[in-house]
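See structure below.
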Amino acid sequence: MSLELSNVTLTYPDGDGVVTALDRVSVRVAPGEVTAVVGPSGSGKSSLLAVAATLIRPDSGTVRVGGTDTLGLRPRETAELRLAEVGIVFQQPNLISSLTAVEQLVVTGHMRSRPVREARASAMETLAAVGLSGKEHRRPHQLSGGERQRVNIARALAGRPSALLVDEPTAALDHDRGARVMELVGEATRTFGVATLLVTHDTEHLGAAGRVLEMRDGRLGAPAPA
Ligand code: ADP
Ligand code: MG
């Protein structure tokens, strides 16, 4: 199921006026594909992810996640859809220090409604898919920075969402680790068939992206030639 934003406009109040964070933005991300959005700070990247994640309602336009037109939903239905269909990877892993890798996945809301044994089996499978076999029972401090980022990605995929939204995944990492995290996002996208929208101001590691778009002052388009 794809992720599709069409003609989305988002403004924030700003004094007596408004600031336009997204200006008639349209983008469609197919399952198994990474679309990267690059752009300077303040261009609207995080706003784009928040709208795609159904965390912010735009002023106008449509947002389809996993085949559902989300703007027609009630708040409670929106929350349920988000839990079932959207995986979010924030820049900082924000793992719980007392929990093992497998527990980080099991405690997410995505899996709370499932029997514990089933949730654990699915969590083990997800961790294996991101290359963490044998490390499922380690706590965050027993993992490397790159491994914690893998747990972060696995946690976002634990509920088998149709869309994966990734905000600046390489910002806190050095060059090699950044490159590996981007590769991992690409692999996980193919393995799980998710529609991945990744935003970054880092133009160095875009090889894993099937498509790169550029955000400028809230407008999304083809990147300017280098
Ligand atoms: P980026 O992630 O590319 O840095 P953002 O989406 O965070 O861009 O911001 C886009 C624009 O919207 C900027 O002008 C920013 O100042 C403004 N903005 C973002 N969030 C808010 C908010 N909660 N209230 C008011 N203005 C905001
Ligand atoms: Mg941002």
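Both counts, for ligands and for their atoms, begin at 1 and track the order of listing.
Considering backbone and side-chain N/O of G42, one or more are found under 3.5 Å from N/O of ligand 1. Taking only nitrogen or oxygen atoms, main chain and side chain alike, V19 does not reach within less than 3.5 Å of ligand 1.
Protein heavy atoms are found inside the 4.0 Å sphere centred on atom 20 (N) of ligand 1.
Proximity of a side-chain donor or acceptor of K45 to a complementary backbone N or O of L198 within less than 3.5 Å is not detected. Formation of a donor-acceptor pair under 3.5 Å by the D59 side chain with backbone atoms of T11 is found in this model. Judged by distance alone, the side chain of T70 and the main-chain N or O of V63 form a donor-acceptor pair under 3.5 Å. Distance alone, capped at 3.5 Å, is enough to place a donor-acceptor pair between the Q104 side chain and the I96 backbone.
Heavy-atom contacts of S41 reach the following atoms of ligand 1: 4 (O) (cutoff under 4.0 Å). The distance from ligand 1 to the heavy atoms of A21 drops below 4.0 Å at these ligand atoms: 12 (O). Interface of P40 with ligand 1, defined as ligand atoms under 4.0 Å from a residue heavy atom, comprises 3 (O).
Looking only at protein heavy atoms, the nearest one to atom 7 (O) of ligand 1 is S46 CB, 3.9 Å. In terms of protein heavy-atom proximity, atom 22 (C) of ligand 1 is closest to Y12 CD2, 3.6 Å. The protein heavy atom nearest to atom 8 (O) of ligand 1 is G44 N, 3.0 Å. In this structure, the protein non-hydrogen atom closest to atom 9 (O) of ligand 1 is S47 OG, 4.0 Å.
Backbone or side-chain N, O or S atoms of S47 do not reach the Mg ion (ligand 2) at under 2.8 Å.
For the pair R120 and E136, the salt-bridge criterion is not met [side-chain N within less than 4.0 Å of a carboxylate O].
Among all heavy-atom pairs drawn from S2 and V29, the shortest one is CB-O, 3.1 Å.
Residue contacts with ligand 1: S43 is included, with a non-hydrogen atom under 4.0 Å away.
Here the side chains of L71 and P58 are in contact, with some heavy-atom distance below 4.5 Å.
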Inset, instruction - Before giving the answer on side chain to side chain donor-acceptor pair (under 3.5 Å), spell out for R28 and T35 the whole-Å C-alpha distance, their side-chain angles and the decisive distance to 0.1 Å. - result: CA-CA 9 Å; R28 183 175 180 279; T35 292; over 6 Å; no
